[in-house]
Amino acid sequence: MPVQRRVATRGCPVAREWGLERWRLGCSLFLEWARREEEQAEGDGVLLACWPRGREKTASLGTLRRWLQPGMADSAQAQKLVYLVTGGCGFLGEHVVRMLLQQEPRLCELRIFDLHLDPWLEELKTGPVQVTAIQGDVTQAHEVAAAVAGAHVVIHTAGLVDVFGRASPETIHEVNVQGTQNVIEACVQSGTRFLVYTSSMEVVGPNVKGQPFYRGNENTPYEAAHRHPYPCSKALAERLVLEANGRKVRGGLPLVTCALRPTGIYGEGHQIMRDFYHQGLRLGGRLFRAIPASVEHGRVYVGNVAWMHVLVARELEHRAALMGGQVYFCYDNSPYKSYEDFNMEFLGPCGLRLVGARPLLPYWLLVLLAALNALLQWLLRPLLLYAPLLNPYTLAVANTTFTVSTDKAQRHFGYEPLFSWEESRTRTIRWVQAMEGSAQ
Ligand SMILES: NC(=O)c1ccc[n+]([C@@H]2O[C@H](COP(=O)([O-])OP(=O)(O)OC[C@H]3O[C@@H](n4cnc5c(N)ncnc54)[C@H](O)[C@@H]3O)[C@@H](O)[C@H]2O)c1
Ligand SMILES: CC(C)CCC[C@@H](C)[C@H]1CC[C@H]2[C@@H]3[C@H](O)C=C4C[C@@H](O)CC[C@]4(C)[C@H]3CC[C@]12C
């Protein structure tokens with residue numbers, strides 16, 4: 001049960017001076033007062049008892065905000081916000097960008113910063129929100145500073161997602177850690193107060209010992225020990241973001257940061273799903289089970305991950321004391337399954353079949369093949385890039401149970417998945433089918 005505190009709005013200067021109806025005029029003042037009250041309250045929520053006397057009501061701050069929001073939108077006080085999404089042309093980034101355009105009514109400018117700009121950005125430029133595409137590199141502090149200047153909120157999804165050995169450990173560190181440090185410094189220098197960081201479940205695990213994490217939450221004890229450059233870089237970057245919470249930005253106000261930790265994301269645009277689909281087609285419509293069905297792997301639909309980013313970005317402003325410096329797993333109602341069985345939820349209806357109720361190869365042989373792949377990668381590096389899906393790290397991740405079960409995001413900022421499992425599944429299947437159509 002969240003701890004709630006009753007606050008008499010009688011204490012609010014606006015409420016005292018004006019009657020209930022006239023509060024609408026002073027709603028931004030009132031909300032600011034209510035927000036401060038909430039920040040001082042202990043626990044997860046606050047109840048506000050509304051004035052005037054005889055017409056008392058109780059409502060959560062969220063409800064109050066919803067009442068007052070239409071008034072705000074009409075009035076000159078409606079705040080126009082500038083958002084920056086780094087990595088906005090990536091798999092997740094594109095969904096975040098589209099979700100912001102659909103779900104953030106206060107948006108007036110959306111900046112999309114990425115190393116590579118995609119042609120679909122052009123179609124966004126015809127809408128009511130100003131969409132600014134910025135080609136840039138997060139490792140270049142001056143480019144990041146220019147992009148951040150004047151933004152109210154930064155959603156930092158840009159990152160080098162490489163668990164296949166395509167990039168060097170130094171490059172992964174530079175992009176994921178130094179890039180994140182550059183984003184933080186740019187916020188501090190330019191006076192940007194709200195920073196949402198896309199972290200990863202990999203910050204926690206699976207760890208080098210391959211210990212299972214079974215439906216854990218943000219407080220579940222787990223030894224987060226890593227050797228691979230990708231999880232190491234995500235863990236370091238996440239720490240930088242959380243430690244930056246509370247730093248004074250230009251103008252003297254505190255920076256408010258938080259980190260979201262998606263599990264394995266799936267949905268429209270997922271490159272690895274695409275790879276498995278094409279591999280299955282090459283193998284005559286079959287995939288061969290490699291991992292026992294009993295190993296659970298956490299998955300979350302990309303639309304829900306994007307929605308959580310949009311909600312966090314919106315609510316950070318109002319719940320700074322509660323949410324600042326916090327981490328949240330990204331979750332939805334996707335079922336707990338093995339990595340391969342989960343993929344078959346989409347690839348099955350597209351004509352692929354997973355052969356074998358049990359793994360076809362013994363685990364020791366997979367370990368050997370993975371080690372061989374790693375050796376080949378190293379030997380061939382001077383000549384060519386050999387980066388297959390199977391390597392000791394991907395095998396360990398796929399073969400270790402890692403699932404989350406939490407309601408922290410729901411308690412802290414009212415998150416509910418926007419897409420049901422059925423809808424997430426249908427959308428993903430349609431995307432795979434469209435790929436099939438375009439391949440013919
Ligand atoms: N895909 C997943 O399952 C998953 C799970 C958890 C967390 N994440 C995190 O989500 C974020 C997005 O991942 P994704 O799967 O969409 O990856 P992605 O590779 O599709 O997107 C990353 C984007 O960042 C951009 N980028 C890379 N280096 C850059 C640089 N130096 N400067 C500017 N932009 C740069 C890329 O061009 C790309 O558009 C990453 O931070 C990743 O760690 C992903
Ligand atoms: C053993 C093989 C047959 C199967 C190999 C599958 C392997 C490539 C998959 C399995 C699990 C996948 C990772 C997992 O979904 C979560 C993440 C976190 C995210 O931050 C980056 C991507 C990553 C590491 C997935 C990469 C691909 C993995 C290892």
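All of these numbers come straight from a predicted model, not from anything done at the bench. Note that ligands are numbered from 1 as they come in the structure, with each ligand's atoms numbered from 1 the same way.
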- Message: Give me the nearest non-hydrogen protein atom to atom 16 (O) of ligand 1 as residue plus atom name, then the distance to 0.1 Å.
- Response: L92 N, 2.8 Å

- Considering heavy atoms of the protein only, find what lies nearest to atom 15 (O) of ligand 1 and give residue, atom and distance to 0.1 Å. F91 CD2, 3.7 Å

- Item | Proximity to ligand 1 by part of L160, non-hydrogen separation under 4.0 Å | neither

- Message: Any nitrogen or oxygen of D114 lying under 3.5 Å from a nitrogen or oxygen in ligand 1? Just yes or no.
- Response: yes

- Nearest-neighbour protein heavy atom for atom 10 (O) of ligand 1, which is reported as residue plus atom name and distance: T198 CG2, 3.3 Å

- Query: Would you say G93 and ligand 1 have an N/O pair spaced under 3.5 Å apart?
  - Reply: no

- Task: Check ligand 1 against P262 and write out every atom of the ligand that is under 4.0 Å from a heavy-atom position of the residue.
- Result: 6 (C), 7 (C)

- Are any of the side-chain heavy atoms of H95 and H309 separated by less than 4.5 Å? no

- Among all protein non-hydrogen atoms, which one is nearest to atom 31 (N) of ligand 1, and what is the separation to 0.1 Å? D137 OD1, 2.8 Å

- Would you kindly say whether N176 and Y230 are connected by a side-chain donor-acceptor distance under 3.5 Å? no

- Contact region, Q271 to ligand 1, non-hydrogen atoms below 4.0 Å, reads neither

- Task: Give a yes/no verdict on a cation-pi contact between K337 and F342, requiring under 6.0 Å between NZ or CZ and the six-membered ring centre and an angle within 45° of the axis.
- Result: no

- Against heavy atoms of T263, which atoms of ligand 1 measure under 4.0 Å? 5 (C), 6 (C)

- Under 4.0 Å between a Lys/Arg side-chain N and an Asp/Glu carboxylate O for R261 and E218? no

- Item | Side chain Y222, main chain N207, donor-acceptor under 3.5 Å | yes

- Task: Name the closest protein heavy atom to atom 44 (C) of ligand 1, giving the residue it belongs to and the distance to 0.1 Å.
- Result: I265 CD1, 3.8 Å

- Query: Take atom CZ in R274; do more than 12 heavy atoms of anything else shown fall under 6.0 Å from it?
  - Reply: yes

- Item | More than 12 heavy atoms from other groups under 6.0 Å of CH2 on W120 | yes

- Contact region, V175 to ligand 1, non-hydrogen atoms below 4.0 Å, reads side chain

- Message: So, 4.0 Å and heavy atoms of G179: is ligand 1 close enough to count as a contact?
- Response: no

- Is any N or O atom of T157, backbone or side chain, closer than 3.5 Å to an N or O atom of ligand 1? yes

- Note on the structure: Nearest non-hydrogen protein atom to atom 7 (C) of ligand 1, with distance, is S199 O, 3.1 Å

- Query: Out of G88, S233, G159, whose heavy atom is nearest to atom 24 (O) of ligand 1?
  - Reply: G159

- Query: Is any N or O atom of G90, backbone or side chain, closer than 3.5 Å to an N or O atom of ligand 1?
  - Reply: yes

- Task: Sort out the contact shell of ligand 2: every protein residue with a heavy-atom distance below 4.0 Å, listed by chain and number.
- Result: V161, V163, F164, S200, M201, E202, Y230, G264, I272, A290, H297, Y339, L390, T394, L395, V397, A398

- Message: Against the six-membered ring of Y301, is R427 placed for a cation-pi contact (under 6.0 Å from the centre, within 45° of the normal)?
- Response: no

- Task: Ignoring hydrogens, just give me the one of R299, E143, Q178, K234 whose non-hydrogen atom is nearest atom 41 (O) of ligand 1.
- Result: K234

- Message: I need the contact type for Y230 against ligand 1. Using non-hydrogen atoms and a strict under-4.0 Å cut-off, is it side chain, backbone, both or neither?
- Response: side chain

- Any N/O of V138 closer than 3.5 Å to an N/O of ligand 1? yes

- Note on the structure: for atom 34 (N) of ligand 1, nearest protein heavy atom and its distance come out as L115 N, 3.3 Å

- Message: With heavy-atom distances below 4.0 Å as the criterion, list the atoms of ligand 1 near G136.
- Response: 32 (N), 33 (C)

- Select the closest option to atom 19 (O) of ligand 1 among T171, V161, V163, judged by heavy-atom distance. V161

